[in-house]
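Before any comments, here is the structure.
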Amino acid sequence: MTPADLSGYVLAAARAVFDERGLDRALLPDSAGVERPRNPEHGDYASTLALQLAKKAGTNPRDLATAIADKLTQQPGIKSVEIAGPGFLNIRLEAAVAGEVARQVVTAGETYGHSTAMSGQNINLEFVSANPTGPVHLGGTRWAAVGDALARLLRAAGAAVTTEYYFNDAGSQIDRFARSLLAAARGEPIPEDGYGGQYISDIAAQIVTAHPDVLSLPDDEAQEVFRTAGVELMFAEIKSSLARFGVTFDVYFNEKDLHERGALAAAVERLRAQGHVYEADGAVWLRTTDFGDDRDRVLVRGTGEMTYFAADCAYYLDKRGRGFDRVVIMLGADHHGYVGRMRAMAACFGDNPDRTLEIRIGQMVNLVRDGAPVRMSKRAGTVVTLEDLVDAIGVDAARYALARYSADSPIDIDLDLWTRATDENPVHYVRYAHARICSVLRNAAELGLTRGEDFDPSLLSHEREGDLLRALAEFPSVVATAAELREPHRVARYLEALAGTFHKFYDTKGLRVLPRSGEPATDVNRARLWLVEASRIVLANGLGLLGVSAPERM
RNA sequence: GCGCCCGUAGCUCAGCGGAUAGAGCAUCUGCCUUCUAAGCAGCUGGCCGCAGGUUCGAAUCCUGCCGGGCGCGCCA
């Protein structure tokens, strides 16, 4: 019996009570939450349904709880229902019913935790989208870890997801990049507003090697060569860094294509047709203040140039035109000022931004070593990059460290901590649990002990086994909630709790999975193999959602 | 000045209205005569920033203040 099953039974019991008493079923909620009480004395699961409904039902919570409990105890598999405090329902399950979870997990395998909670939704998820003027910095790296994990979560929850990288290859920052490369190739100092760092010299040198005559060209022609070749090289490097990090995108979208297609002007005309465009001071404006923005925004400058914002409008329109009903964009905290204008822009197109556009803001990331901030990068000067982080602590620790905190919270990543291969390091704690289980399974195989076709779930009756089973049963709802709230860190925290529950189970005296040498294997050993395999599957699936490897040996 | 985020144990952080607010780290003490001690058990630690409000019930929701981070261009 899963928590979802139990929730259904609680609701059904309440429904029966309402019918008997002639109360309106419409007063009942769509689902009855059951939760795992911290205090084991409060049962395996608890429901607060009676507390929530008593007033509507015109009675007191304890009376209603008693009536629901009477119905609920008739449900096979429910061992007991107690009424506690003001009207809590404290529910205990039969061991046999609780143990079924192990079978369900093993049967579902890699798909355990998947649901159809979000099926039918077609989501475009854009993240990183770093400019091709430099390596991916730490903020982008956070989104690479969180965004990729979120894509996996949304898919596990049944949504159709397209991940997308907006490749910003037009505009003045590219000019600055090209000028910087040219200057570096000529051995001149970094231009005003230019980019510095070792990578600029490296790329410039590569371009000179490939185009030996480039330095003898006139400035504008030389700069064009550096622009085209530089962007290409830089983007290849970005893609390769992300690939090393385990992140690839379904779509790499070029801003240039929007320009070449005339999509910006088309978007402006569309907005004009909607009646939100006006001209003032020689520029073309979008009246975003109609929809709550602080100030109106320029679409076309007095010079006739399109703004970056106009490209944003065209890009949003393009995504919607490709059939996505929800556009999710992940941005750093330094861009949160865009939220207002982006939402207003969507509204100007006639969309309801509450439904079609979702902008997630992630706070800053800093690296710390020996208690002091790390601000230098060999490759990029004062900007710390994805490569710096991966070089320092590896892909698994980096992804886990970035995904384990709420995106709302600024984080300092302590490189010493995350490098350490000890229990102080959360990612090791979780991965070690997986490796430990794999070791047990290897030993079982050596003993010729297999879990067999079936097992007796009532044999998993030890308190520690019950703890583990309940933790395993929680996983699908953790995944669904994390997807719904766009919060992958919930998966990491869950895994840490699950790993802890497993280690406690494993270290309990007298509770061995395998028989001691010389002793015969029993059905209890076989049942525990099911439990342990189920635990392994959930750890592996959870780590998989975060893009972190689950090693068989450590 | 306006907007967004944060404020929970000594430190780093969980906790989408429920019972006695949790974990890891740090300090200290135990546990390998059999499945990985990279682990477990125990000890210590709290005006959940402050003040009101909503509620049977608030760390959680609302309002105001205080403190910190970030942002408010015809830049990208």
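No experiment lies behind these values; they were computed from the predicted model shown. The chains referred to below are lettered A, B, ... by the order of the sequence lines, with proteins before strands, and numbering in each begins at 1.
Contact annotation for A:N90: base contact, defined as any heavy-atom pair under 4.0 Å involving a base atom. A:T48 comes within 4.0 angstrom of a nucleotide base, judged by non-hydrogen atoms across all strands. Note on A:D281: a base of the nucleic acid sits closer than 4.0 angstrom, heavy atoms only. Within 4.0 Å of A:A46, counting heavy atoms only, lies at least one base atom of the nucleic acid. Base engagement by A:A280 is indicated by at least one non-hydrogen atom pair under 4.0 Å involving a base atom. If you check every strand for non-hydrogen atoms under 4.0 Å, A:A283 touches a base. Within the 4.0 angstrom heavy-atom criterion, base atoms lie near A:G302. Among the heavy atoms of the strands lying under 4.0 Å from A:N39 is at least one base atom, whether or not backbone atoms are also near. Across all strands shown, A:L485 has heavy atoms under 4.0 Å from base atoms, whether or not it also approaches the sugar-phosphate.
A salt bridge is defined here as a Lys NZ or Arg NE, NH1 or NH2 lying under 4.0 Å from an Asp or Glu carboxylate O, and A:E279 with A:R272 meets this definition. For the pair A:K504 and A:D467, the salt-bridge criterion is not met [side-chain N within less than 4.0 Å of a carboxylate O]. Classification of A:R369 and A:D412 as a salt-bridged pair fails, no side-chain N sitting under 4.0 Å from a carboxylate O. With respect to the salt-bridge test (charged N to carboxylate O, under 4.0 angstrom), the residues A:R36 and A:D44 do not qualify. A salt bridge is absent between A:R341 and A:D294; no separation between the charged side-chain nitrogens and carboxylate oxygens falls under 4.0 Å.
Side-chain contact check for A:Y494 versus A:E474: some heavy-atom pair is nearer than 4.5 Å. Residues A:V513 and A:F505 have side chains in contact (heavy-atom distance under 4.5 Å, counting atoms from C-beta outward).
Sequence order on RNA chain B of the closest nucleotides to A:E255 and A:P61 puts A:P61 first from the 5' end. The residue among A:A84 and A:D294 whose nearest nucleotide of RNA chain B is located toward the 5' end is A:A84.
Each of A:D293, A:L331, A:I329, A:T288 was compared with A:M342 under the side chain to side chain contact (heavy atoms under 4.5 Å, CB included) criterion, and only A:I329 meets it.
In B:C32 the base sits syn relative to the sugar, since the glycosidic angle is no further than 90° from 0.
One N or O donor and one acceptor, one from the side chain of A:T481 and one from the base of B:C16, sit under 3.5 Å apart.
Closest to the side chain of A:Q52, out of B:C16, B:C70, B:G18, is B:G18.
To the nearest whole angstrom, the two P atoms, one in B:C62 and one in B:U54, are 15 Å apart. Comparing the C1' positions of B:A37 and B:C32 gives an interatomic distance of 6 Å, to the nearest angstrom.
At distances below 3.5 Å, at least one donor-acceptor pair connects side-chain atoms of A:H434 with backbone N or O atoms of A:P551.
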Point to revise | From CA spacing to verdict: side chain to side chain contact (heavy atoms under 4.5 Å, CB included), A:Q363, A:R142 | key: CA-CA 9 Å; A:Q363 299 299 314; A:R142 181 178 202 169; 4.0 Å; yes
**Study point:** salt bridge (Lys or Arg N to Asp or Glu O under 4.0 Å) between A:D354 and A:R343, intermediate numbers included
**Key:** CA-CA 8 Å; A:D354 288 338; A:R343 287 176 55 86; 2.7 Å; yes
Study note, to complete from the structure: Scoring nucleotides 7-12 of chain B by protein non-hydrogen atoms under 4.0 Å (B base, S sugar-phosphate only, - none) yields ------
**Study point:** Contact state string [nucleotides 34-44 of chain B, B base, S sugar-phosphate only, - no protein heavy atom under 4.0 Å]
**Key:** BBBSBBSS---
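Taking side-chain N and O atoms only, A:R301 has no distance below 4.0 Å to OP1 or OP2 of B:G73. Taking only side-chain nitrogens and oxygens, A:R36 never comes nearer than 4.0 Å to OP1 or OP2 of B:G15.
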Review point. Could you write out RNA chain B as a dot-bracket string, with dots for unpaired bases, | for bases paired across to another strand, and Watson-Crick or G-U pairs counted at under 3.5 Å?
Key: (((((((..((((....[...))))..((((.......))))......(((((..]....))))))))))))....
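Here the OH atom belonging to A:Y432 is positioned 8.5 Å from the CE atom belonging to A:M554, to the nearest 0.5 angstrom.
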